[in-house]
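Input: a single structure, listed below in structure tokens.
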Amino acid sequence: MVVPEDGVLVLAATPIGRVEDAPPRLASELATADVIAAEDTRRLRRLTTDLGVEIKGRIVSYFEGNETARTPTLLADLLDGNRVLLVTDAGMPSVSDPGYRLVAAAVEKDVRVTAVPGPSAVLTALAVSGLPVDRFCFEGFLPRKAGERSRRLASLAKEERTMVFFEAPHRTQAALEAMRDAFGDARAAAVCRELTKTHEEVRRGGLAELVDWAAEGVRGEVTIVVTGADPSAEIGNDPESLRAAVADLQEDGLTKKEAIAEAAKRAGVPKREVYDLVHKPAE
């Protein structure tokens with residue numbers, strides 16, 4: 001099958017907060033697209049009104065619930081030579097949003113795929129977090145079930161890259177508690193709330209501190225950035241090393257209980273073992 005030269009899929013970033021942050025090309029792409037696939041057609045209409053854009057192409061909804069069923073139709077539009085523009089509610093399509101299936105289908109048929117770069121909660125949160133950004137990974141949303149969430153985080157306990165997570169506001173405290181349990185009380189993190197919006201807030205600190213902060217309630221869109229594991233922070237599991245680690249952690253400001261838990265986590269031994277070592281005289 002010969003693919004028409006003008007058949008192209010355009011992934012367009014949309015503002016994550018302020019409409020003024022819309023990339024300059026977005027307005028022209030919206031005005032000239034043959035087909036616009038939108039995660040929420042009502043939000044698309046509000047966006048085009050704010051941008052002063054008149055849409056001439058066909059608008060179709062494209063969200064998680066119909067993504068699988070609608071992808072073949074949009075692929076057919078592309079193969080017919082149409083310019084298909086994909087927009088989601090905020091940020092870049094495919095990044096924890098609809099888009100991957102259509103991109104994969106287009107690539108398989110040798111359809112050109114391009115993008116209108118722009119706002120991204122992942123990169124914005126990284127930039128303002130104050131945490132290392134030379135190496136990072138995006139983990140998206142954590143599982144909703146507590147057991148699955150704990151297992152996912154446990155598998156990341158030794159990840160050395162800075163990690164970025166999306167989270168719903170009503171699950172933020174539970175997510176931070178699970179991160180604290182998996183990574184330790186003192187692991188540095190940042191909770192970025194309502195990025196680029198009027199009530200933007202970036203709360204930085206250790207995970208235990210952030211858990212206490214989140215207990216008061218969290219509102220708005222949330223992105224969590226957590227620093228990676230420090231390979232040099234791992235300690236031996238012999239009695240002398242464990243006692244020394246607890247003492248060092250207390251000097252860093254942790255309570256004895258917190259220091260015992262952190263030392264046990266880093267050494268990979270039960271907390272009770274460290275507790276017994278600390279509370280009985282060295283032989």
Side-chain angles (χ1 to χ4, degrees), residues 3-4 6-109 111-126 138 140-141 164 166-168 192 194-198 200 220-223:
V3 179
D6 56 346
V8 59
L9 172 61
V10 183
L11 309 178
T14 54
I16 60 175
R18 301 173 184 271
V19 71
E20 307 96 281
D21 293 335
R25 272 181 53 205
L26 180 59
S28 61
E29 290 287 354
L30 287 167
T32 58
D34 299 304
V35 181
I36 300 177
E39 184 176 12
D40 186 326
T41 57
R42 292 169 299 181
R43 294 187 67 161
L44 171 64
R45 293 291 188 187
R46 287 197 295 271
L47 177 62
T48 55
T49 298
D50 290 339
L51 293 175
V53 174
E54 180 181 353
I55 294 179
K56 298 178 181 178
R58 188 174 88 251
I59 299 174
V60 297
S61 63
Y62 191 71
F63 58 94
E64 184 178 0
N66 71 0
E67 188 176 359
T68 299
R70 187 144 286 173
T71 292
T73 303
L74 291 171
L75 180 61
D77 287 324
L78 290 165
L79 294 173
D80 285 342
N82 290 291
R83 191 173 187 86
V84 176
L85 182 69
L86 177 59
V87 293
T88 55
D89 291 347
M92 179 61 71
S94 291
V95 182
S96 279
D97 274 330
Y100 165 74
R101 290 181 176 84
L102 182 55
V103 172
V107 169
E108 185 178 358
K109 295 295 185 181
V111 172
R112 181 182 170 218
V113 180
T114 187
V116 178
S120 165
V122 176
L123 297 180
T124 303
L126 274 168
F138 175 57
F141 285 93
V164 184
F166 285 163
E167 194 50 89
C192 306
E194 294 289 88
L195 284 169
T196 76
K197 300 177 183 177
T198 303
E200 176 181 274
E221 301 291 333
V222 173
T223 305

Among residues at least two apart in sequence or on other chains, which ones pass salt bridge (Lys or Arg N to Asp or Glu O under 4.0 Å) with [X]?
| X | result |
| --- | --- |
| Lys56 | none |
| Glu221 | none |
| Asp40 | Arg42 |
| Arg58 | Asp77 |

Quick one: does [X]'s side chain get under 4.5 Å of [Y]'s, heavy atoms only?
| X | Y | value |
| --- | --- | --- |
| Leu78 | Lys109 | no |
| Asp21 | Ile16 | no |
| Ile59 | Arg45 | yes |

The side chain to side chain donor-acceptor pair (under 3.5 Å) partners of Glu39 (sequence neighbours excluded) come to none

Quick one: side chain to side chain donor-acceptor pair (under 3.5 Å) partners of Ser120, sequence neighbours excluded?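 Ser120 satisfies side chain to side chain donor-acceptor pair (under 3.5 Å) with no other residue.
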
Only counting residues at least two apart or in another chain, list the ones meeting side-chain contact (heavy atoms from CB on, under 4.5 Å) with [X].
| X | answer |
| --- | --- |
| Asp50 | Val19 |
| Ala125 | Cys192, Leu195, Thr223, Val225 |
| Ser61 | Thr41, Phe63, Asn66, Arg70 |

In residues 24-33, what donor-acceptor pairs under 3.5 Å come from side-chain atoms, sequence neighbours left out?
from, atom 1, to, atom 2, distance (Å)
Arg25, NH1, Ala115, O, 3.4
Arg25, NH2, Glu29, OE2, 3.2
Ser28, OG, Arg25, O, 2.9
Glu29, OE1, Arg83, NE, 3.1
Glu29, OE2, Arg83, NH2, 3.1
Thr32, OG1, Ser28, O, 2.8

Cut-off 3.5 Å, no hydrogens considered: what does the side-chain donor-acceptor table look like for residues 93-105, sequence neighbours left out?
from, atom 1, to, atom 2, distance (Å)
Ser94, OG, Tyr100, N, 3.2
Asp97, OD2, Thr88, OG1, 3.4
Arg101, NE, Thr68, OG1, 3.3
Arg101, NH1, Glu67, OE1, 3.1

